[in-house]
Chemist: 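Here it is, the structure, as C-alpha cells.
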Amino acid sequence: MSPNLRLYNTLTKQKELFEPLNPPFVGMYVCGPTVYGDAHLGHARAYIVFDVLFRYLQSLGYRVRYVRNITDVGHLSDEVAGEGEDRIARKAKLQQLEPMEVAQRYTDSFHADMDRLNVRHPSIEPRASGHIPEQIALVEAILRGGLAYEANGSVYFDVLKYNEHRPYGVLSGRVPEDMLAGTRDLDGQREKRNPLDFALWKNAAPEHLMRWPSPWGVGFPGWHLECSAMGAKYLGNRFDIHGGGMDLIFPHHECEIAQSQAGHRTEPAKYWLHNNMITINGQKMGRSLGNFINLNAVFSGNHALLQQAYTPMTVRFFVLQAQYRSPLDFSNEALQSAQKGYRRLMNGLRIARQLAYAPDETVAADERNRQEVNALCEGCTKGMDDDLNTAVVVANLFNLLKKINSIHTGGLQAAALGEETFNRLTTTFITFTEEILGLREEKSANPDELIVSLLELYREAKAAKEYDKVDKIRGYFKTQGLVIKDMKTGIDWAYEEG
RNA sequence: GGUCCUGUGGCCGAGUGGCUAGGCAGAGGUCUGCAAAACCUCGUACAGCGGUUCGAAUCCGCUCGGGACCUCCA
C-alpha cells in the first residue's frame, strides 16, 4: 500500500493524502449510467478514470469493493397514455416496449461498450429498481428525523430545516440564501414548502410507467435517493470514495450528502472525486445539447463529426493522456494522434515481453542510463500518486519505451543497466501499461504462427537478395496493418502506426 | 444574475516560482537494396497589460477570450 497517494477531494477543494477508513479495505461508489440511451464518450471518460483508480488501488494492495449502480428507474412515461384515442389503437401489451425492456437493452449495450474499453467490472452493480424497499426505508428514516414532509403522496426533503443544523451546499460551495434568489418556478413546485426542496419519493402520475407501492401511495423514488440507499447497503453508512462526473456535484451529490446525513447520521463519503467533461469544439457534450457521440458510433466511424472509426483502446488512450480533472476536447486530429501513440506503446509492450536479460561481463555499466531508467520508473508511481496524473504516467512510459526500443535494436545493452534495473524497466513498463492504465493489444486476426513463418520467408528472400519477393511480403503485411522491422539485431514485425 | 474553472509551441496535453514533460505533425541525421520501424538532434511555447520577486508560464490585480454548474446529465 502506498502511503503517498494523494487525491483531490471536492469536499475540501484540495489534494489530500488517501487514508482509508478501514485499511486494507476500501469502499468506492461511483454513479453509474442512467440506462435510457447508449453510452457516449463522456461515459467512457468517467468509467475509464474510475477504472484506473480501481486498478491502482488494487495494485497498491488494497482490497477494494467497487460499487457502480445502474439507474433504471428513470422518468420514462407513456407518451401516448395521455392522448385518449391513440391509446385505444394499442392492441396488445406485447406490442409496447416494457420500461424494463428498454433498461435491459441499454444496460447490455453499456456493458458491451465497457468491456470493449477494457473497463473492469465493478464488485457490485446494483440496480435502483431492485432496491425500492431500501429506498423507502431511507425515506422513512428521514421522515422520522423530521427533515422531510409528505405532500400529495410525495415526500420532499426539507432543505432549509436541514440547513439549520448542517450546512447544505458544502460540496458545491453554494449557500441556500443565494440559490433562493435565482430560483425559477418549475411545475410541480407547488407542493414544496421551498423551491430548494427535492423529492425523496414522488407520486406517480397515471402516465408514469415505473411505479411501486409505498406508505405514501403508488410512486417512484426521488432522483438522488438510490445512491444513498445502495451505497449504505453495500459499503456502510460511511465509506471511502464517492465518484462521478463534475456535472453531478450539484444537485445530485449535494442532495446525497444531505439525505445520507439526515437518514444515516453521517456524511456518506470521505473523499469525493469528480472527473471533468469531454467537450466537442470546446462545448460540453450532452444529450440535451444534441452534440453527443455514442461509443458505438466512435467504434464504427458512423457519425457526421467523425472522419474515421476509432478503436476502443484508442479512446482509452486518448482519455488517459489527460489528467481526469482537466477538460478534454474531442477532435479527429486528437484521436488520430492518440491512435498512433497507442500503437507505438503496444509495439513496445510486445518488445518488452520478449526481451530477456543477457549477462555480459564485457559490457561496461552505463550509470547514466541506469539512473534515467530508475527515475522514469519512479515517475510512473509519482504520477499516479499525484491525483492520478495519467498524463505524466504516459509521458514516463514513452520515455521508458525509448530505452526498451534501444535495447531491442541494439543501441543499448541490457547488461549495461544491470539485471535489477533491466527487470525494473520491463516490469514497470508492462505493469503500468497493462494493469494500471488498462491498455491492451487489439490483435488483428492473424495467427501469430503465420506471421512468424512469413517473417522466416522474408529473411530467406532477403538473404538471397530476392527483392521482388521481399517487397511482396512487405506488401502483404501492410494489408494486414502490420509492418516489418529490419534491424541489425534481427527481423520483427510491428503494428503500423499510421 | 449567482458560484466556480480555464486560456501552454502547428494540433492535443503535463507542469504551477529557477532545473528537457510527453504524444501527433514538421526538419535534419544514423541504419538500410529501397523502405519501414527504431534511435539521436532540432522548435526555445506559456492570451494581453501591469505588479510582487534576485528570478514568473507558475503568485497578485486588471482586461480580453473559452467553459461548467445553478434543470435530467459522466
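Residue numbers start from 1 in every chain, and the chains themselves are labelled A, B, ... in the order their sequence lines are given, proteins ahead of strands. Computed from a prediction, not measured in an experiment: that's the story for all the values here.
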Chemist: Hey, what are the protein-to-nucleotides 67-69 of chain B N/O distances that come in under 3.5 Å?
Modeler:
unit_1, atom_1, unit_2, atom_2, d
B:A68, OP1, A:Lys284, N, 3.4
B:C69, OP1, A:Lys284, NZ, 2.2
B:C69, O2', A:Arg174, NH2, 2.8

Chemist: So is A:Arg174 actually on top of A:Phe250's ring, under 6.0 Å and inside 45° of the axis?
Modeler: yes
Chemist: Between B:C39 and A:Asn405, is there an OP1 or OP2 to side-chain N/O distance shorter than 4.0 Å?
Modeler: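 Affirmative; the distance criterion is met.
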Chemist: Classify the side chain of A:Asn396 and the base of B:A21 as holding, or not holding, a donor-acceptor pair under 3.5 Å.
Modeler: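 No, the side chain and the base share no sub-3.5 Å donor-acceptor pair.
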Chemist: Would you say A:Lys488 has more than 12 foreign heavy atoms packed within less than 6.0 Å of its NZ?
Modeler: no
Chemist: May I ask you to decide if the ring planes of A:Tyr56 and A:Phe432 are parallel, tilted or perpendicular, using 30° and 60° as cut-offs?
Modeler: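 Tilted: the ring planes of A:Tyr56 and A:Phe432 meet at 30° to 60°.
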Chemist: Determine: side-chain N/O of A:Thr34 to OP1/OP2 of B:A74, distance under 4.0 Å, yes or no.
Modeler: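 Checking A:Thr34 against B:A74: at least one side-chain N or O falls below 4.0 Å of OP1 or OP2.
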Chemist: Of A:Arg325, A:Lys15, A:Arg6, A:Lys382, which is the lone residue that meets salt bridge (Lys or Arg N to Asp or Glu O under 4.0 Å) with A:Asp387?
Modeler: A:Arg325
Chemist: Check the phosphate of B:C31 against A:Thr409, side-chain N and O only, distance under 4.0 Å to OP1 or OP2. Yes or no?
Modeler: no
Chemist: Taking only N and O in the side chain of A:Asn389, is any of them less than 4.0 Å away from OP1 or OP2 of B:G15?
Modeler: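 Answer yes for this pair, as a side-chain N or O of A:Asn389 is under 4.0 Å from OP1 or OP2.
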Chemist: Please evaluate the base of B:A36 for a donor-acceptor partner in the side chain of A:Arg474 within a cut-off of under 3.5 Å?
Modeler: no
Chemist: Does A:Arg166 have more than 12 heavy atoms from other residues, nucleotides or ligands lying within 6.0 Å of its CZ?
Modeler: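 Atom CZ in A:Arg166 is not packed in, count stays at 12 or less.
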Chemist: Quick check on B:A38: is either OP1 or OP2 less than 4.0 Å from any side-chain nitrogen or oxygen of A:Arg344?
Modeler: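 For B:A38, OP1/OP2 do have a side-chain N/O of A:Arg344 under 4.0 Å.
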Chemist: What base-paired stems does RNA chain B take part in, with at least 3 consecutive Watson-Crick or G-U wobble pairs and both distances under 3.5 Å?
Modeler: B:1-7 with B:64-70, B:10-12 with B:22-24, B:26-30 with B:38-42, B:47-51 with B:59-63
